[in-house]
Protein chains: 2
Amino acid sequence: MSPTPAVPGGKRPTLADVAARADVSVALVSVVMRGAKGAGAATRERVLRAAKEIGYRPDSRARLLRSSRSRLLGVQFELQQPFHTDLVERLYSAAEPAGYQIALGAVAPSRSERQAVEALLADRCEALILLGPQVPAARLAELAAQLPVVSVARRLRPPPSGVDVVRTADDEGARQAVDHLVALGHRDIAHIDGGRAPGAADRRRGYRTAMNRQGLGEHAQVLPGGSTEEDGAAAARALLDADRRPTAVLAFNDLCATGVLDTLLRARVPVPDEISVIGFDDTRLARLAHVDLTTVRQDIAHLAQLTVGRAVARLEGEAPSEGPGQEIVVEPHLVTRGTTAAPPAT
Amino acid sequence: MSPTPAVPGGKRPTLADVAARADVSVALVSVVMRGAKGAGAATRERVLRAAKEIGYRPDSRARLLRSSRSRLLGVQFELQQPFHTDLVERLYSAAEPAGYQIALGAVAPSRSERQAVEALLADRCEALILLGPQVPAARLAELAAQLPVVSVARRLRPPPSGVDVVRTADDEGARQAVDHLVALGHRDIAHIDGGRAPGAADRRRGYRTAMNRQGLGEHAQVLPGGSTEEDGAAAARALLDADRRPTAVLAFNDLCATGVLDTLLRARVPVPDEISVIGFDDTRLARLAHVDLTTVRQDIAHLAQLTVGRAVARLEGEAPSEGPGQEIVVEPHLVTRGTTAAPPAT
DNA sequence: TTCCGGAACTAGAACGTTCTAGTCACCGGA
DNA sequence: TCCGGTGACTAGAACGTTCTAGTTCCGGAA
């Protein structure tokens, strides 16, 4: 039924084993395995059968070693960021039709960006896709000298040569959030920022600009925050202790917003009746029905498409690794859910 | 400052390039790069400098191709399962001190377990670590004939030869949950099951046994559910429509429990005052302070340790791939948070 | 009949490492 | 003086593929 997996000497079968069994040359087996043309129908059949019988599996290491192209895109992502895992999922879908594979390099508290990238490079991937990289721009430029690099969700101004940037218009997202709140009647709108996280500066700037444009410059208030729930919770506590409580809060991202919601809930401050809250990213978290967070949506599928597109364009001709970095900006849009409403009547 | 990254012919530098520059043999450069002994201090220094100057990076493909050992553990995980990403993080930490690397194979709606495993095998990893695999046991046995396989969180009875199982005592977890609820005074305790998800059968059985042992057999009620929030939400709706509402619900996992909470919240059924809810896994989600879910904790760090331990034991001597599969069971323990309390007075 | 073209197939050299089996120089002891 | 040992270093063969440059065979055109 299933292929006889018993390998002769405990070693995994190779092309040579298949060749011996099918009584053809190694080269021809290679041809058949790749599905290339140059083999007769009958032989092809025989080779495939032999391969199946001994449980042959191509060795991608050897394969990649030999062929000049590896057709491998290295993706650095943060294991615990829902935004990243969503993106990775889409990257798989986007890479396949283009004929590329994805190699994952995870970043976690116990594993630095440097480690992840080193591993990916050692794996010989042809291009690097970095999700929200935190390393200095100089380092990116250094990498770009060796292979195409796409920075996702992290703005670089200007992009170093060889580094393309694919990102959402963070400032525009913040503007939409502010405008939505103002339209609801809010004036005291605070922003909990993301510190040094990628995108934080733009969102902060977008918030400030939007407030000014609305003539609410004096009501602007930026609280130090971060990208985790704890950051949001801490900022919210500070907020509650403040002299003048805002009636609405724009958090750096969904996770941060969740922290805010939590603190408010515990303090028995009704949301959105007393305070409205907006997140950013529209991760699964925000959609959880009992979080039901109004948030600024990033179009993840589109970002993934564009990212793979850039990497592939670089790889297939067009300015392989040189050339000025392009910047592709995707528009976000606000998703209105249950955490925003008109401010309480004074 | 930084290594001159400009590669001569656009090709990445190899051992030979370093050797030429340092005026030594290729073999010696290999020795130095591996940090093996057999090179003089002065030469070592010179070689390292040369390598740095031309930006040499070892090619892990070639390296692994040549050496019999790849020291690579293939990990199949589900991109969107917080339980899995938590586990992966710990697997990194556990593998490093043992001298092994981790290769990731992601499973997502657009990427099947088969695809993930094929990719890992092609990458030549020495053992397979499968997180909550859904494939039939026969398939696992087939894989185990080729290399050690560890199934995490999925029980196999009996484990096929060559397949080790590392899991939490799901039935015991369910028992703890039931006992906790009974101690609080509950009698009508329902269970929303996980369908065909790994572990679901055990949790269901554990629930039933515990109910019987408490003399509450007739109050037992299992509702079809699943591992997602929607599954939980749907089951909760069914629950509310039922003739006799339970006063407590044990959900298959945290995500499912979140769905339950949501539905209850929307229906204005206060938790835990009217209905208590318990989850399973103790993922980040449960700890989010405004979810604050009472749940059954799986000791993820420990599971990861044991998993790597099994794989390494198989690889380094002890019954390389043959031998009956071992089963290692870790005890769970209940974490009491805010979603459980005494039932309402009748 | 000869010759050409193409399809089917093969031998052998890469690819960038590591590993085995050396060679060579030097030192200490008899 | 010679011997054996040791540390530094090297040549060349693997590893499992793919690629290049063939060779062989056959059918059809001239």
Side-chain angles (χ1 to χ4, degrees), chain A residues 7-48 50-51 54-72 101 121-126, chain B residues 7-48 50-51 54-72 101 121-126:
Chain A
V7 193
K11 302 188 69 69
R12 76 189 258 163
T14 73
L15 278 189
D17 299 323
V18 179
R21 186 170 245 264
D23 199 35
V24 292
S25 72
V26 169
L28 190 58
V29 179
S30 171
V31 165
V32 172
M33 284 309 163
R34 276 175 292 149
K37 64 179 179 183
T43 325
R44 188 175 292 269
E45 181 63 29
R46 188 155 41 92
V47 168
L48 287 176
I54 64 177
Y56 168 79
R57 258 173 233 290
D59 181 331
S60 75
R61 310 266 159 184
R63 180 173 270 184
L64 295 185
L65 173 58
R66 171 58 217 193
S67 47
S68 45
R69 302 288 315 268
S70 75
R71 307 199 71 87
L72 210 52
Q101 308 246 12
L121 287 177
D123 263 2
R124 265 203 169 193
C125 48
E126 298 184 21
Chain B
V7 192
K11 301 188 70 68
R12 73 189 261 163
T14 74
L15 279 188
D17 299 324
V18 179
R21 185 170 245 263
D23 200 34
V24 292
S25 73
V26 169
L28 192 58
V29 179
S30 171
V31 166
V32 172
M33 283 309 163
R34 274 174 293 148
K37 63 179 179 181
T43 325
R44 190 175 291 271
E45 180 64 28
R46 188 154 40 92
V47 168
L48 287 176
I54 64 176
Y56 168 78
R57 257 174 235 290
D59 180 333
S60 75
R61 308 265 159 186
R63 179 173 272 184
L64 295 185
L65 173 58
R66 170 59 219 194
S67 47
S68 45
R69 303 287 315 269
S70 75
R71 306 198 74 85
L72 209 52
Q101 308 246 12
L121 287 177
D123 263 2
R124 264 203 168 191
C125 46
E126 298 184 22

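A quick note: this is a predicted structure, and the numbers were derived from the prediction, not measured. Numbers restart at 1 for each chain; the letters A, B, ... are given by sequence-line order, proteins then strands.
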Using a cut-off of strictly less than 4.0 Å between a heavy atom of the residue and any atom of DNA chain C, enumerate the qualifying residues of residues 21-28 of chain A by number. A:Val24, A:Ser25, A:Ala27, A:Leu28
Residues of residues 38-45 of chain A with any non-hydrogen atom less than 4.0 angstrom from an atom of DNA chain C: list those, numerically ordered, please. A:Gly38, A:Ala39, A:Gly40, A:Thr43
Given side chains that start at C-beta, do those of B:Ser70 and B:Gln101 come closer than 4.5 Å, heavy atoms only? no
Quick one: are A:Pro58 and A:Met33 in side-chain contact, heavy atoms under 4.5 Å? no
Counting distance only, does the side-chain N/O of B:Glu126 pair as donor-acceptor with the main-chain N or O of B:Arg71 below 3.5 Å?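 Judged by distance alone, yes, a pair lies under 3.5 Å.
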Heavy-atom donor-acceptor pair, B:Arg124 side chain to A:Arg61 backbone, under 3.5 Å: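 Side chain of B:Arg124 to backbone of A:Arg61: no pair is present.
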Can you tell me which stems involve DNA chain D, if a stem is defined as three or more consecutive Watson-Crick or G-U wobble pairs, both distances under 3.5 Å? C:1-30 with D:1-30
What I want to find out is whether B:Arg57 reaches A:Asp123 closely enough, with some N-O distance under 4.0 Å, to be called a salt bridge.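 Looking at B:Arg57 and A:Asp123, the cut-off is not met.
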For B:Arg34, what residues pass the salt bridge (Lys or Arg N to Asp or Glu O under 4.0 Å) criterion, not counting sequence neighbours? none
Which is the 5'-most and which the 3'-most nucleotide of DNA chain C that has an atom under 4.0 Å from a heavy atom of chain A?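 From 5' to 3', the first and last contacting nucleotides are C:dA8 to C:dG16.
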Locate the shortest heavy-atom distance separating [X] from [Y]; write the atom from each residue and the value.
X       : Y        : answer
B:Leu72 : B:Cys125 : O-CB, 3.3 Å
B:Gly35 : B:Arg44  : CA-NH1, 4.1 Å
A:Leu65 : B:Ala62  : CD1-CB, 3.7 Å
B:Ser30 : B:Leu15  : CB-CD1, 3.9 Å
A:Gly55 : A:Pro13  : O-CG, 3.6 Å

Between [atom1] on residue [X] and [atom2] on residue [Y], distance to nearest 0.5 Å:
X       : Y       : atom1 : atom2 : value
B:Thr14 : B:Asp59 : OG1   : CG    : 9.5 Å
B:Ile54 : B:Asp17 : CD1   : CG    : 5.0 Å
B:Arg46 : B:Leu28 : CZ    : CG    : 8.5 Å

Using a cut-off of 4.0 Å on non-hydrogen atoms, how would the nucleic acid contact of [X] be classed: base, sugar-phosphate, or nothing?
X        : result
A:Arg57  : sugar-phosphate
A:Arg124 : sugar-phosphate
B:Thr14  : sugar-phosphate

Positions of residues 58-67 of chain B (non-hydrogen atom under 4.0 Å from DNA chain D), listed by number: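 Nucleic-acid contacts, sorted: B:Leu65, B:Arg66.
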